[in-house]
**Q** 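Below you will find the structure I want to go over with you.
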Amino acid sequence: MLTYIVRRLIIAIPTLLILVVLSFTLMHAAPGGPFTADREVPPEILANLEARYGLDQPFVVQVFVYLKNVVLHFDFGPSFVYKDRTVNEIIANGFPITLTYGAIAFAVAVFFGVALGVAAATHHNRWIDYFAVGIAIGAQVLPNFVLAPILVLVFTLMLGWLPGGGWEYDQPRYIIMPVIALATSFLASIARITRSSMLEVLNAQHVRTARAKGLPSHRVILSHVLKPALLPVLSYLGPTFVTMITGSVVIDMFFSTGGIGLSLVNAALNRDYSVMMGITILIGALTIGFNLLIDILYAWIDPKIRY
Amino acid sequence: MALLSVDQLNVRFDTSDGVVHAVRGLSFEVNASEVLAIVGESGSGKSQSAFAIMGLLASNGNATGSVQFKGDELLNKPTDYLNRIRATGIAMVFQDALAALNPYMRIADQMTEVLVYHFGLSQREALAQSIAMLDAVRIPDAKNRIRLFPHEFSGGMQQRVMIAMALLCKPALLIADEPTTALDVTVQAEIMDLLAEVRREMNMSMILITHDLGVVAGYSDTVMVLYAGQVVESAPVQTLFDSPGHPYTIGLLNSILRLDTEDNALYAIPGTPPNLLLRQSGCPFVERCEFAIERCHSENPALNEYRLENVTRSRACHVEINS
Ligand SMILES: Nc1ncnc2c1ncn2[C@@H]1O[C@H](COP(=O)(O)OP(=O)(O)O)[C@@H](O)[C@H]1O
Ligand SMILES: [Mg+2]
């Protein structure tokens with residue numbers, strides 16, 4: 001097991017390095033990018049860039065300098081647009097917010113999604129099942145850019161219960177609507193995957209054996225159905241978690257939460273390449289990291305996986 | 001009173017293509033320490049009969065008729081009621097041991113949970129008894145190997161584990177559903193001998209399900225031949241071998257590889273079993289039967305009990321056969 005983890009880590013590291021080099025190269029090659037002469041860059045920023053990247057140096061040297069900064073110092077360099085801000089500051093400002101409501105939304109989606117899926121499958125073709133499937137379909141056809149304004153309309157404008165936007169870490173009422181808006185469609189997907197996977201496992205031969213042993217139904221579900229049924233859900237959760245704690249552009253726009261999703265959009269609109277690069281690398285690193293985590297979990301749960 | 005008595009058992013499945021009549025009018029009895037063999041081709045309804053008895057049918061299946069164990073009706077009873085009889089009264093060994101064992105659980109956990117639940121044993125006592133049972137089915141180094149997962153055993157050992165698991169609560173009746181079909185020929189005999197041995201020692205009754213008439217000879221008292229969900233013949237094992245009374249049984253006997261004859265060519269009954277979705281009026285075997293007369297096409301023969309040379313037996317056929 002340990003050697004498996006080490007081996008997977010050894011593969012993950014070059015993947016990350018390639019990701020960094022690739023995004024730098026893309027940015028370098030982009031037309032109208034900060035490294036081409038056809039764009040007017042304020043002299044202060046140009047000076048910043050010059051100092052950081054050595055724009056007069058050959059490309060290979062520039063890549064190496066960037067790579068060194070990212071890897072050794074987690075330093076993504078200065079912004080191309082804001083004179084006095086670094087990419088790190090921008091990320092440090094927005095990411096904790098996104099991480100907070102994203103992680104809460106993730107927990108909500110997983111808990112209720114799995115519960116709904118299990119309830120539906122264990123009551124197959126009965127009203128709980130139809131109810132759950134109905135909710136899942138409803139939630140899935142309701143994208144968050146539709147759900148978000150509906151939430152604001154109901155809870156802010158009509159009922160006046162919740163603030164329509166903004167962010168305070170210590171005030172849950174700012175978190176509720178972003179969490180609902182973000183969690184709903186993921187909750188629906190998780191419920192759907194859980195349900196169909198449960199239904200499949202419920203028909204598996206080893207479950208018939210468990211029943212033949214005279215175990216009560218809840219024991220059969222808990223110890224013989226749940227584990228294999230949740231494996232497909234688990235593989236969906238890795239990438240989903242990363243998606244939820246990073247780029248929720250819609251949420252940041254509607255609820256003015258100030259998360260990293262907004263930073264990314266702004267960076268794209270302003271052609272703030274270093275910010276885009278920084279956020280891209282962050283998302284990439286998280287994706288690689290969580291996929292690794294899920295694979296390790298898989299190997300731990302499934303005794304048939306050979307390391 | 002018979003240990004198990006099944007009366008007019010019907011099993012039907014609702015499918016998108018229509019109703020599948022998997023078992024029709026099945027009736028039989030199993031007495032204490034008796035072995036009944038149920039023989040039939042793949043798809044003849046053997047497993048579904050067993051599942052119906054245990055209350056294990058798939059959700060689209062339903063059973064009618066009567067199944068009584070020690071006088072208690074089991075059919076269509078709630079799970080809680082059946083759980084008092086499962087494992088302790090009737091236990092089951094499944095065809096494909098690897099698929100029937102939980103791949104994610106150590107053998108130890110799969111075995112001890114039965115004892116803990118039914119007898120309220122402590123984890124330690126349950127483990128000790130489980131190891132003893134693995135020893136009894138002659139799994140070497142059971143003390144350590146009980147910690148393994150199913151896929152870490154060979155096919156024959158997996159089936160031994162399955163058998164040990166079924167025997168944990170000392171059931172009065174063991175249903176063994178094709179216990180050797182998934183195994184190598186060399187291992188098959190070992191498993192059959194093991195089953196016969198533990199059955200004798202524990203004085204259990206057994207329903208031995210197989211598609212291979214060759215297997216039943218040394219191991220059963222009575223044989224029931226199933227075709228397309230119906231019993232076509234039932235007789236004491238020696239009688240059936242000596243004087244089969246149904247054309248299908250004759251075909252099955254001919255298709256057993258006889259090592260004692262020169263001619264080793266395997267005989268196969270021509271044709272295929274009927275589609276169970278269609279409920280035809282005549283005998284289900286008529287299309288493949290070399291003895292068929294006109295009446296066989298229009299009228300499904302009933303299972304008739306008769307005595308021949310002081311043996312009670314039954315068959316479902318319109319034609320007189322002198323074999
Ligand atoms: N869940 C199900 N739905 C529909 N048909 C089924 C189902 N389970 C079994 N059957 C059908 O019932 C018939 C008898 O099956 P079975 O008892 O498993 O045969 P076997 O004698 O090989 O054990 C087969 O034709 C099979 O296709
Ligand atoms: Mg079968």
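A, B, ... follow the sequence lines: proteins, then strands. Residue 1 opens every chain.
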**Q** Under a 4.5 Å heavy-atom cut-off, does chain A meet the side chain of B/Asn102, its backbone, both or neither?
**A** both
**Q** Which bit of A/Leu199 comes within less than 4.5 Å of chain B, counting heavy atoms only: side chain, backbone, both or neither?
**A** neither
**Q** With a 4.5 angstrom heavy-atom cut-off, which part of B/Ala99 approaches chain A: side chain, backbone, both or neither?
**A**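 The answer is both parts of B/Ala99.
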**Q** In terms of heavy-atom pairs under 4.5 Å with chain A, which of B/Met92, B/Met165, B/Gln95, B/Met162 leads?
**A**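 Between B/Met92, B/Met165, B/Gln95, B/Met162, the count favours B/Met165.
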**Q** Please rank B/Arg84, B/Gln110, B/Arg106 by heavy-atom pairs under 4.5 Å with chain A and give me the top one.
**A**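 Between B/Arg84, B/Gln110, B/Arg106, the count favours B/Gln110.
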**Q** Check the side chains of B/Glu41 and B/Ser44 for a donor-acceptor pair under 3.5 angstrom, ignoring hydrogens and angles.
**A**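 Not at all, the side chains of B/Ser44 and B/Glu41 share no donor-acceptor pair under 3.5 Å.
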**Q** Is B/Phe149 close to chain A through its backbone or its side chain, or both, or neither, when contacts mean heavy atoms under 4.5 Å?
**A** side chain
**Q** Quick one: are B/Leu208 and B/Met192 in side-chain contact, heavy atoms under 4.5 Å?
**A**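 Yes. Closest side-chain heavy atoms under 4.5 Å.
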**Q** Which one, A/Thr209, A/Leu202, A/Asn125, leads in non-hydrogen pairs under 4.5 Å with chain B?
**A** A/Thr209
**Q** For A/Gln140 and A/Ser189, which I'm curious about, is there any donor-acceptor pair between the side chains at under 3.5 Å?
**A** yes
**Q** If you tally heavy-atom pairs under 4.5 Å against chain A, which of B/Leu168, B/Val93, B/Val114 wins?
**A**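 Top option by heavy-atom pairs under 4.5 Å: B/Val114.
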**Q** Heavy atoms, side chains only, cut-off 4.5 Å: are A/Val201 and A/His224 in contact?
**A** no
**Q** Using non-hydrogen atoms and a 4.5 Å limit, figure out which bit of B/Leu82 sits close to chain A: side chain, backbone, both or neither.
**A** neither
**Q** Could you tell me whether the side chain of A/His124 and the main chain of A/Arg195 form a donor-acceptor pair under 3.5 Å?
**A** no
**Q** What part of B/Leu57 gets closer than 4.5 Å to chain A, counting heavy atoms only: side chain, backbone, both or neither?
**A** backbone
**Q** So what's closer than 4.5 Å to chain B heavy atoms on A/Lys227: side chain, backbone, both or neither?
**A**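 When you check distances to chain B, only side chain atoms of A/Lys227 fall under 4.5 Å.
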**Q** Do the side chains of A/Ile190 and A/Val110 get nearer than 4.5 Å, heavy atoms only?
**A** yes
**Q** B/Val161 versus B/Leu101: any side-chain heavy-atom pair under 4.5 Å?
**A** yes
**Q** If you measure from CD1 on B/Ile139 to CD1 on B/Ile131, what distance do you get to the nearest 0.5 Å?
**A**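 Reported to 0.5 Å precision, the distance equals 11.5 Å.
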